Amino acid sequence: MSKKKKYYVVWKGKETGVFNSWNVCKKQITGFEGAQYKAFIDKTEAEKAFTKSYNDYKGKDTKKVVLSAAEKAKYGTPLLKSLSVDAACAGNPGKLEYRGVLTDSKKQVFIQGPFEKGTNNIGEFLALVHGIALLKSKKLNDLPIYSDSRIAMSWVKKKQCRTNVQFSAKNQDLLLLIKRAEKWLKENTYKNPILKWETKAWGEIPADFGRK
């Protein structure tokens, strides 16, 4: 049986944020006095926790998310006639890929990468913008787009990729892609609903790379 994927929130460390690898998290807290961190099995909960205080989660079991049938019912079911996007990143920063698939069939519509020195949040942002632009070009203005990243959704809403990644010659192509995405958002409008994929109720988003 494969281990469940975990997400690690670092409130105080060499670098702070949400990391999808224990090895990466460990580098941020090793040797850092007063480090504050916690493991989560749900990405949404981890991202939500990062916006709050470590004290809100201190002593709590954050590695178990089990919904009752009634709780799952509150989320309803996803709209199958939609586009789903996701990203995968080996390391933080590391090799980044992102893609979009049809939610109902999981047929891949686009894929980009790998890019060097990227992060999962950057990939989630670029995937959303790529999806929005693609649907607009095909005049599919009413088709919803699902993402499991609240951070990426907020960046798209603000029309800015608010990453702290340091750019150099190694990831210059990624920086140019981000700038192009931000420019597109500022110069275009769209009607597609951007919806949150509720992982804890529906399972992994169909665009997931399956590298847990």
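Please read all numbers here as calculations on a predicted model, not as lab measurements. Throughout, residue positions are numbered sequentially from 1 according to the sequence presented.
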Tell me, do Tyr146 and Leu83 make a side-chain contact under 4.5 Å, heavy atoms counted? no
Write down the atom of Gly100, the atom of Val85, and the distance for their closest heavy-atom approach. CA-CG1, 4.0 Å
Closest approach of Ala46 to Val9 (non-hydrogen atoms, all atoms of both residues): O-CG2, 3.3 Å
Less than 4.5 Å apart, any side-chain heavy atom of Lys48 and any of Arg150? no
Do Tyr37 and Phe32 come close enough that some side-chain heavy atom pair is under 4.5 Å? no
Any donor-acceptor pair under 3.5 Å from Asp173 side chain to Phe115 backbone: no
Could I get the full list of ring pair (Phe, Tyr, Trp, His ring centres under 6.0 Å) partners for Phe125, not counting sequence neighbours? none
Go through the steps to decide whether Gln28 and Val24 satisfy the test side-chain contact (heavy atoms from CB on, under 4.5 Å), and finish with yes or no. CA-CA 7 Å; Gln28 314 313 323; Val24 176; 3.9 Å; yes
Full working for salt bridge (charged side-chain N to carboxylate O under 4.0 Å, His left out) between Glu45 and Lys200: CA-CA 10 Å; Glu45 289 302 315; Lys200 57 188 174 184; 3.0 Å; yes
Looking at Ile205, is its backbone amide N or carbonyl O close enough to the side chain of Asp208 to form a donor-acceptor pair, meaning the two atoms are under 3.5 Å apart? no
CG (Asn171) and CD1 (Ile122) are apart, to the nearest 0.5 Å, by 7.5 Å
Looking only at the aromatic ring of each residue, does the gap between the centers of Phe40 and Tyr57 stay below 6.0 angstrom? yes
Ring centroid separation Trp11 to Phe50 under 6.0 Å: no
Judged by atom type as modelled, is there a donor-acceptor pair below 3.5 Å linking the side chain of Thr30 to the main-chain atoms of Lys27? no
Tell me the closest heavy-atom pair linking Leu126 and Tyr98, and the distance in Å. CB-CE2, 3.6 Å
Could you give all pairs that pass the side-chain hydrogen bond (donor to acceptor under 3.5 Å, both in side chains) test and reach residues 117-127, with sequence neighbours left out? Lys43-Glu124, Asn120-Glu124
State the CG-CD1 distance between Asn141 and Ile132, to the nearest 0.5 angstrom. 12.0 Å
Minimum heavy-atom separation for Pro114 to Glu97, with atom names? CA-CG, 3.8 Å
So do Val101 and Val109 actually touch side chain to side chain, heavy atoms under 4.5 Å? no
Does the pair Asp104/Lys81 count as a salt bridge with the N-to-O cut at 4.0 Å? yes
Once ring pair (Phe, Tyr, Trp, His ring centres under 6.0 Å) is applied, what residue pairs with a partner in residues 147-186 remain, sequence neighbours excluded? none
Leu195 and its side-chain contact (heavy atoms from CB on, under 4.5 Å) partner, picked from Ser84, Pro144, Pro78, Ser82: Pro144
Val10 vs Phe19 side-chain heavy atoms within contact, under 4.5 Å: yes
Compare all side-chain heavy atoms of Asp86 with those of Asp148 and state whether any distance is below 4.5 angstrom. yes
Rounded to the nearest 0.5 Å, what's the gap from CD1 on Ile145 to CG on Leu79? Could you check? 12.5 Å
May I ask you to establish whether Arg99 and Phe110 are in a cation-pi arrangement, using a distance under 6.0 Å from NZ or CZ to the six-membered ring centre and at most 45° from the ring axis? no
Calculate, to the nearest 0.5 Å, the distance between atoms NZ and OH belonging to Lys26 and Tyr8 respectively. 11.0 Å
Do side-chain atoms of Gln160 reach the backbone of Val156 as a donor and acceptor pair under 3.5 angstrom? no
Met153-Leu185 co-clustered via ILVMFWY side chain contacts under 4.5 Å: yes
Please check: side-chain N/O of Ser137 versus main-chain N/O of Leu134, any donor-acceptor pairing under 3.5 Å? yes
Here the gap from Lys196 atom NZ to Tyr75 atom OH, rounded to the nearest 0.5 Å, amounts to 8.5 Å
Rounded to the nearest 0.5 Å, how far does OG of Ser149 lie from CD1 of Ile151? 5.5 Å
Please confirm whether the backbone N or O of Cys161 pairs with a side-chain atom of Glu182, one donor and one acceptor, at under 3.5 Å? yes
Take Thr199 and Glu204, measure what side-chain contact (heavy atoms from CB on, under 4.5 Å) needs, and give me the verdict at the end. CA-CA 5 Å; Thr199 306; Glu204 293 293 346; 4.2 Å; yes
Are the side chain of Lys136 and the backbone N or O of Thr189 linked by a donor-acceptor pair below 3.5 Å? yes
